[in-house]
Amino acid sequence: MELQSTLIAHVKDAVKKIYDVEIENLEFQPTRKDFEGDITLVTFPMLKTLKTNPVKLGEEIGNYLAENVSEVSGFNVVKGFLNIVLSDAYFLDFFNEIKDRKDFGILPAAEDAKGIMVEYSSPNTNKPLHLGHIRNILLGFSVAEILSAAGNKSYKTQIVNDRGIHICKSMLAWERFGNGETPKSTGLKGDKLVGNYYVKFDQEYKKELRKVAENELKARIEKANLKNQWENLSSVDEPFLKIVESEYEKVLRRYIYEKTDLDTEIIDKKVFYRSDFILDKNNKQDQAILLFKGKFIAFLNRNTFLSVGNIESEEDELIAHYLKNGINSILIKIEGKPEIINNIKILQDAKQMLLKWEAGDPEVVALWEKMNQWVYDGFEKTYDALGVDFDKNYYESETYLLGKDVVNQGLEKGIFYKKEDGSVWIDLTDEGLDEKIVLRSDGTAVYMTQDIGTAIQRVKDFDISGMVYTVGNEQDYHFKVLFLILKKLGFDWADYLYHLSYGMVDLPSGKMKSREGTVVDADDLIAEMTETARNISEELGKLDGYTNVEKEELYRIIGLGALKYYILKVDPKKRILFNPEESVDFQGNTGPFIQYTYARIQSIIRKADFEFKSVEESYKFHEKERSLIKQLQLYPETIQLAAENHSPALIANYTYDLVKEFNSFYQNVTILGTEDATEKSLRVQLANSVGNVIKSSFGLLGIQVPERM
RNA sequence: GGUCGCAUAGCUCAGCUGGAUAGAGCACCUGCCUUCUAAGCAGGCGGUCCCAGGUUCGAAUCCUGGUGCGAUCACCA
């Protein structure tokens, strides 16, 4: 970096001397591998003002630099690129500076530096953590570490969503169907146990929902007095029966697609449950349609609604088959209607429970505390397994009332406004956004209110000037609005809020849904990765002399390394498609590959039991040594870049490049085998420096490195 | 429909504020373990950088329009 500023100064001097022109912006970039040189000046942009040709200019500047800058030992010009070769002495200087520093690249935080709070994980307490949480947790943890390494103070936090209807659902189901089960009595992890009852609630809910929908529908049909004459259906004006009619029409069409070889478009155009007015009794096609339509209606009329049992022929069987699907669609549509949902007893009971909780009912609160504790114990195990921690936990049960005061103050200042029904809103249409509610008409807080209050609380609790929220990109809009509101409320720190928005982790089958059991469980995944690491290690059999305990620890380190690297190497904002069928790789651009390289380096260091010789100024670097040192030089700026971009992926990719470079060095140049004592010293120390950086950068990703593997 | 994000090799992904012939890994094909750990190294095959315009000496990168995929637009969180 220092070098670049000397070069800039000298290039400016050169241009001034030769052309008598002051040049402003110069562009340097690392020289591409296929050309000789270390750093390249792009001369294209200067041509316009200097009115010369690129090769001539390159030669002129190159000569000047070679003569006047001691670090420059040579150059070559390719079109508008001046490739500058730096001296071995320059690289040696750099290397001597960093070779004994374990903290190379890491900037200590200034004493008076304000902190940045990183929020991540923030789970609901009604179900176990899954792969989606893992991405969140790894990202948040890593970004906090990177921010620290880049010279900031960072604090890790999570807001535990410990209250609300979701946990009441688990509580209710446990109370009703749990028979007093506990994590102890079942041997289940607490979060798993509570999660099971959340699923149980959903199953019961769906059962009841179906029953209520059916009954309601039957009642309305009876009331409509169709007398089993389904062709009269279209004359009934009733919303539920309209759904029935439209689904019946679909079924009818499907049946006629099957029975005739008419084009589906023609059928769609001609077949209506409602009427036959288009159909012509003398037209052959229309006759066919009328025939099957007649059979369909006849079948319907022979059966009462929701039963399709009165089957007399093969024909009926086909109709019954389509009808079953149709009735299912009808019920699904009706189940979405508020008049039905609001009549589901078990859901009402859960809501009742939430009200009791809010009123501080001792029994409900006791149950809530008990089950939440089970969940916390479970989460703790998962966090431990992942090797992450928090400086402070916030709990929604303690913060959900925050923010109301601020909103009321904002109301007085005219930032918010009240609607007739008493609800409070903010108008963000000037910013290209919508209106957003901040207080319900009954005066209670919404999600946004809480987040406003919690943010303010955190600034009170900690000496921080900014916050990073690690939350999925489905909440992009929410955070845009939140930050804008805080800014309008006049908080100066609102400019330093950052939504670390990351893409969803999807499965080949689509989105993960806890209620439907289509999730990749965090604990299971960690266990599987460890298992894979074990299998590979045992097959390779390089661990003679390790105890079983040491081996287990190693498998854990490798398995987690594979998982963490796999997730962190991807740009946070991109979505990840995770295929559980294809296991995470352990070869190539992977965590274990990098860990393996580290272990190799440690092996060399263990064997290098000789006095290191200092390296003389005249040392001539091997080409591989040179590129390794160049790669090491990039580490500090990579950390800064990763911090600015909140992107662990940049650290991962940097480390991979370093390790690739090292392995090439390792396999092409002998380290301990060389006769030359200086060479041997330098190479071992170089390997050691690479090892230090791997350990350091992997630390930023939350990945451990093994001494052997 | 409005808004936001993504689109690069068969697959998974890099590509810094615009720069040289667009790079890795996996998969496939060749070599390399009597020498420091082969979870490795050396090499080969593989590209309409979604499409069309524009800005520029120069575009995968910036702008405009379009296509595809995803997210979001609740007195849910």
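Chain identifiers are assigned alphabetically (A, B, ...) following the order of the sequence lines, protein sequences preceding nucleic acid strands; residue numbering begins at 1 within each chain.
- By the 4.0 Å N-to-carboxylate-O rule, A:Glu679 lies close enough to A:Arg683 to be salt-bridged with it.
- Pair check for B:U61 finds none; no Watson-Crick or G-U wobble contact set falls under 3.5 Å.
- Between A:Lys436 and A:Glu431 there is no salt bridge, since no side-chain N of the basic residue sits under 4.0 Å from a carboxylate O of the acidic one.
- For A:Thr590 (side chain) and A:Ala562 (main-chain N/O), no donor-acceptor pair under 3.5 Å exists by modelled atom type.
- No hydrogens or angles were tested; on distance alone, nothing pairs the side chain of A:Thr590 with the base of B:A39 as donor and acceptor under 3.5 Å.
- Of the nucleotides present, B:C6 is the one that pairs with B:G68 by Watson-Crick or G-U wobble criteria, both distances under 3.5 Å.
- Applying the Watson-Crick and G-U wobble criteria (two distances, each under 3.5 Å), B:A74 pairs with nothing in any strand.
- Judged by closest nucleotide on RNA chain B, A:Lys569 is the one of A:Phe35 and A:Lys569 placed further toward the 5' end.
- Checking B:C49 for Watson-Crick or G-U wobble geometry (two distances, each under 3.5 Å) identifies no partner in any strand.
- B:G40 is paired with B:C32 under the Watson-Crick or G-U wobble criterion, all donor-acceptor distances under 3.5 Å.
- Figure legend. B:A20 is base-paired to no nucleotide; pairs are counted as Watson-Crick or G-U wobble with both atom distances under 3.5 Å.
- The NZ atom of A:Lys574 sits 8 Å away from the C1' atom of B:A7 (whole-angstrom rounding).
- Within the 3.5 Å criterion, the main-chain N or O of A:Ala643 finds no donor-acceptor partner in the side chain of A:Ser647.
- Distance CG (A:Asn579) to C1' (B:A27): 15 Å, rounded to an integer number of Å.
- The partner of B:A27, taking Watson-Crick or G-U wobble pairs whose two distances both stay under 3.5 Å, does not exist in any strand shown.
- A stacked arrangement is assigned to A:Phe81 and the six-membered base ring of B:A20, with a centre-to-centre distance below 5.5 Å and an interplanar angle below 30°.
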